[in-house]
Amino acid sequence: MFTRIALLVLRKDVAIEFRSFEILSTTLFFAVSCVLVFAFALVRDGEVVADAAAGILWIAIAFAGTLALGRTFERERYAETVRALLLAPAPRAAIYVGKLLGIVLLLAAAEVILVPLVALLFSAALFARPLLLAALLTGGTVGFAGVGTLFAAMLVRSRTRDIMLPILLYPITVPVIIAGVRGTAALLAVPSDDSVAVMWISLLAAFDVVFITLALWTFEPLMTE
Amino acid sequence: MKKIFVPLLIVTTAMFAYAPVMIANAPYESTMGLVQKIFYFHVPSWFAMFTAVFLCGIESAIFLFRKKPSADRLAVAAGEVAVLFGLMGLVTGPLWGRKSWGIWWPWDARVTMALLVELTFVGYLLVRKFAGPGSDKLAAAMAIFGMFNVPFVYMSVNIWRTIHPKTSVVPTLPGGMPGPFWFCVAAFLSLCALLITARLHLENQRAALDALYLDEE
């Protein structure tokens, strides 16, 4: 029952996105412009500042993620979809999981293009350790989206949601950004520092477990009128 | 609440009046000299802040799950006081750092994370004020998440190498220093309790006023 509802919510989001590619295309465009803007700040005489690639990659993911979160839930406000979802005889946590999976898929799709782009533009050896990089990206994306989905969902009815989402989201998810940036920087070091990367991955895993449990626990009381 | 306000006020005033005497009489630290005395107000303000942070987080959880408005009022009071003490720590820290490390802001893990916890609770106050209807629940979620973020703050301290004095500095204080230090901690905690009591009283009065208005209508 729980998984079925979560997958139904996911299927609805994926179906809407496949019709228009609205969120994916705008988010991706924004992330690429982000990378370019930072490139102007951090590339000097054709040389990239140390660890810049790791920082730029994660800033682009975080900013684009915020945008995607805002848009996904903006969509739910049309025709009162949120109310319909909450009125459905379904566990609230399943709705949360469905929305979370949708956001994670969306961000993963954006990362598939973003990571090679950063590797190419900054000649960063991001693919030297593909499994560790994938683990970092998964841990970071799930942590960011886990907190973000809850906050974006509770802000749906708020008038000032555009400004409130970053205010709520960034202070809480900074550990994710730090772990992502430092972990990626460790992978980019020559020779790559695998043990440091693994340590940051385990911190990300701990963060994900704690905050997704918290989100599942608080989603129900937060989403009642 | 009213009953403990006056005794708390007297105790706190007396303690803060006597604290400078104790600090002045404490021995000078061998390398940093006079500037090290900031320590007696800097560290206790963080003690007070984290007490208020955990009070705010726990009360927010009680409010969210038990729907007790009184817990929410205590949470606001604690949240505001946490930001105040955090600000105090963030002002005294750079003053000390400038003298002993030569830079205002060292960007090491603990300093950065202290700023982050402070930011979380400034965010909490912003959400309360500007998020519109239902902002009390939003803020409560922010406080709970902020409280659970604190262990991650602590973990990152141990992971990164840091120039900030380690937590182990407190139990190993040289002779003559623990007395004034724990006195100041007690003074700050009592000030923290005093401010929360006063703020809670104000919040209770507001709620009572709102209830009276509703009865009139």
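Reminder, nothing fancy here: chain letters follow the sequence lines and each chain counts from 1.
- Classification of the A:Phe63-A:Phe30 ring pair by plane angle, with boundaries at 30° and 60°, yields tilted.
- Between B:Phe16 and B:Phe188, a ring centre-to-centre spacing shorter than 6.0 Å is recorded.
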Audit row: B:Arg73, B:Asn204, side chain to side chain contact (heavy atoms under 4.5 Å, CB included) steps and yes/no: CA-CA 7 Å; B:Arg73 296 199 286 269; B:Asn204 284 338; 2.5 Å; yes

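- The contact between A:Leu150 and chain B is made entirely by side chain atoms (from C-beta outward), counting heavy-atom distances below 4.5 Å.
- Each of A:Ile167, A:Leu168, A:Ile163 was scored for a side-chain contact (heavy atoms from CB on, under 4.5 Å) with B:Leu126, with one residue passing: A:Ile167.
- For residues 57-67 of chain B, the interface with chain A (any heavy-atom pair closer than 4.5 Å) comprises B:Leu64, B:Phe65, sorted by residue number.
- Taking non-hydrogen atoms and a 4.5 Å limit, the residue list of residues 80-94 of chain B in contact with chain A is empty.
- Contact of A:Met154 with chain B is made through backbone and side chain together, with heavy-atom distances under 4.5 Å.
- Looking only at side-chain heavy atoms (C-beta outward), B:Leu119 and A:Val174 stay at 4.5 Å or farther from each other.
- Here the shortest heavy-atom pairing between A:Met223 and A:Arg92 reads O-NH1, 4.0 Å.
- Of the options A:Asp162, A:Thr160, A:Leu165, A:Leu69, a side-chain contact (heavy atoms from CB on, under 4.5 Å) to A:Leu155 is made by A:Leu165 and by none of the others.
- If you measure heavy-atom distances from A:Tyr170 to chain B, you find no contacts under 4.5 Å at all.
- Ring geometry for B:Phe145 versus A:Phe211: interplanar angle of 30 to 60°, hence tilted.
- Relative orientation of the B:Tyr124 and B:Phe121 rings is tilted, given thresholds of 30° and 60° on the angle between their planes.
- Taking 4.0 Å as the cut-off between side-chain N and carboxylate O, B:Glu203 and B:Arg206 count as a salt-bridged pair.
- Neither the backbone nor the side chain of A:Ala179 comes within contact range of chain B, judged by heavy atoms closer than 4.5 Å.
- Ring-plane geometry between B:Trp182 and B:Phe47 is classed as perpendicular, the angle between the planes exceeding 60 degrees on a 0 to 90 degree scale with a lower cut at 30.
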